Amino acid sequence: MQLKIYKDHGSSSDAAASEIIELVKNKPNAILCMASGETPRLTCKLLVEKAIAQKVDLRHITFIGLDEWVGIPPENDGSCYHFFHTEIFKPLNFSADQVHLFDALSGNLEEECLKMDATIFEKGTIDLMIVGIGMNGHIGFNEPGVSFNNYSHVIDLDEITISGGQKYFKTPATLKRGITIGLKHLQESKKVLLMANGTKKAGVIKKTVQGEITNEFPASIMQTHTNGFVMIDEEAATLLDHKK
Ligand code: F6R
């Protein structure tokens, strides 16, 4: 794992967007897996701008959504589906068959997980995974205590995720379970970028980069990835012992 500290969130988002652009230039049918949320929003905006300016066509990639709130419909603007649709799919004219998002309303969530795993295995390995980090160290909805060896799965959400997740919704949402890509997929991804910004993330970044590797703090798995990059701004780096 490598730590990359950028001056500000704009610079790290620009670097992440460029990573995607370069990947697609080299491999038009790449597999990209991304988190939604506040952290990658600027990356998405810059990705759209760069794709249009550089005439890079992303319509041959396979897009995998990292996770979804169980029971939240896609039209709810707090859903991960809504985020990707607004930030990426619509502006870049993605087609329905290139995107693979969990159906969080499915009556058979286990089957949703198997379907997602089958898609990933059929298409090959995930080329690039871009994730954020929760205030409890979660990645996707891989909550504290999760196995590092899970592929896609359904999980009871941690209290911190339930309360923190309300920020995405206009009216209070009932959040109980999540459906998520597992950390085994992260380990098997060719490249992983974990992004974080702001002083509020400084504590979890310290644990991610310099803490014990433990499933009680899922993001610590980043330390084991040989092509993993923790991309943060200076504010998120303020608690690190030795800044690199
Ligand atoms: C969302 C996701 C979550 C977020 C994390 C950080 O799809 O996978 O794990 O990445 O909760 O959220 P933000 O970026 O809103 O601080």
Side-chain angles (χ1 to χ4, degrees), residues 8-10 12-13 16-17 32-47 63-72 74 76-89 99-104 112-113 116 126 128-146 150 152-170 173 175 177-183 185-186 189 192-205 207-208 215 217-222 228-233 235-236:
D8 52 32
H9 186 49
S12 58
S13 303
L32 172 67
C33 176
M34 265 188 90
S36 60
E38 284 173 0
T39 309
R41 194 179 289 278
L42 184 53
T43 300
C44 295
K45 183 174 175 281
L46 296 172
L47 171 66
F63 186 98
I64 309 276
L66 186 66
D67 50 13
E68 189 57 279
W69 306 99
V70 168
I72 299 295
N76 185 316
D77 53 18
S79 71
C80 302
Y81 176 97
H82 192 274
F83 175 93
F84 291 127
H85 188 76
T86 313
E87 302 293 336
I88 298 184
F89 304 161
V99 306
H100 299 269
L101 304 184
F102 290 112
D103 175 2
E112 273 301 298
C113 293
M116 185 62 93
I126 292 170
L128 181 62
M129 185 182 272
I130 301 184
V131 301
I133 178 171
M135 296 307 290
N136 57 2
H138 76 195
I139 287 180
F141 287 138
N142 290 279
E143 301 284 49
V146 75
N150 277 350
S152 301
H153 59 281
V154 177
I155 192 165
D156 288 337
L157 296 174
D158 190 75
E159 279 308 318
I160 293 177
T161 304
I162 292 172
S163 54
Q166 297 298 331
K167 69 180 175 183
Y168 305 116
F169 297 91
K170 289 202 179 105
L175 308 174
R177 290 187 300 160
I179 181 165
T180 187
I181 295 287
L183 295 176
H185 284 303
L186 179 143
S189 296
V192 182
L193 314 182
L194 181 146
M195 302 183 70
N197 61 286
T199 47
K200 69 175 188 300
K201 294 278 172 83
V204 289
I205 284 301
K207 281 175 126 179
T208 300
N215 65 338
F217 195 81
S220 62
I221 197 172
M222 285 300 292
F229 295 82
V230 172
M231 297 170 61
I232 58 176
D233 67 354
E235 287 186 357

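Atoms within each ligand, like the ligands themselves, are counted from 1 in listed order. Remember, predicted model here, so these are calculated numbers, not experimental data.
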Identify the closest protein heavy atom to atom 14 (O) of ligand 1: which residue and atom is it, and at what distance? Thr39 OG1, 2.5 Å

Indicate, with yes or no, if the rings of Phe83 and Tyr168 have centres closer together than 6.0 Å. no

Ligand-side contact atoms (ligand 1) for residue partner Leu66, heavy atom cut-off under 4.0 Å: 8 (O)

Report the distance from atom CD1 of Ile130 to atom CG of Leu32, rounding to the nearest 0.5 Å. 5.5 Å

For Ile133, the ligand 1 atoms whose distance to one of its heavy atoms is below 4.0 Å: 5 (C), 6 (C)

So, do Glu68 and Leu101 sit near enough that their side-chain heavy atoms are less than 4.5 Å apart? no

Between Asn142 and Ile155, is any pair of side-chain heavy atoms under 4.5 Å apart? no

In ligand 1, the atoms that come under 4.0 Å of a heavy atom of Gly140 are 3 (C), 8 (O), 9 (O)

Quick note, salt bridge (Lys or Arg N to Asp or Glu O under 4.0 Å) partners involving residues 77-89, not counting sequence neighbours, are Arg41-Glu87, Asp77-Lys170

Taking the side chain as everything from C-beta on, heavy atoms only, tell me whether Phe84 gets closer than 4.5 Å to Leu66. no

Hey, does Asp67 sit under 4.0 Å from ligand 1 if you only count heavy atoms? yes

Do His138 and Asp158 come close enough that some side-chain heavy atom pair is under 4.5 Å? no

For atom 1 (C) of ligand 1, the protein heavy atom that lies nearest, with its residue and separation: Ser36 O, 3.4 Å

Element-labelled atoms of ligand 1 that are located less than 4.0 Å from some non-hydrogen atom of Lys167: 13 (P), 15 (O), 16 (O)

Backbone or side-chain N or O of Phe141 under 3.5 Å from ligand 1 N or O: no

Using the ring of each side chain (for Trp, its six-membered ring), is Phe89 parallel, tilted or perpendicular to His85, with breaks at 30° and 60°? perpendicular

Tell me the protein heavy atom at minimum distance from atom 11 (O) of ligand 1, and give that distance in Å. His138 NE2, 2.7 Å

Checking Phe102 now: which residues fulfil ring-ring contact (aromatic ring centres under 6.0 Å, His included) with it, not counting sequence neighbours? none

Below 4.0 Å from ligand 1: does a non-hydrogen atom of Lys201 turn up there or not? yes

If you have a sec, work out which protein heavy atom is nearest atom 13 (P) of ligand 1 and how many Å separate them, to one decimal? Tyr168 OH, 3.4 Å

By number and element, which atoms of ligand 1 are closer than 4.0 Å to a non-hydrogen atom of Gly37? 14 (O), 15 (O)

How does Thr180 reach ligand 1, by side chain, by backbone, by both or by neither, if only non-hydrogen atoms under 4.0 Å count? neither

Numbered in order shown, the ligand 1 atoms found under 4.0 Å of a heavy atom of Gly132 are 10 (O)

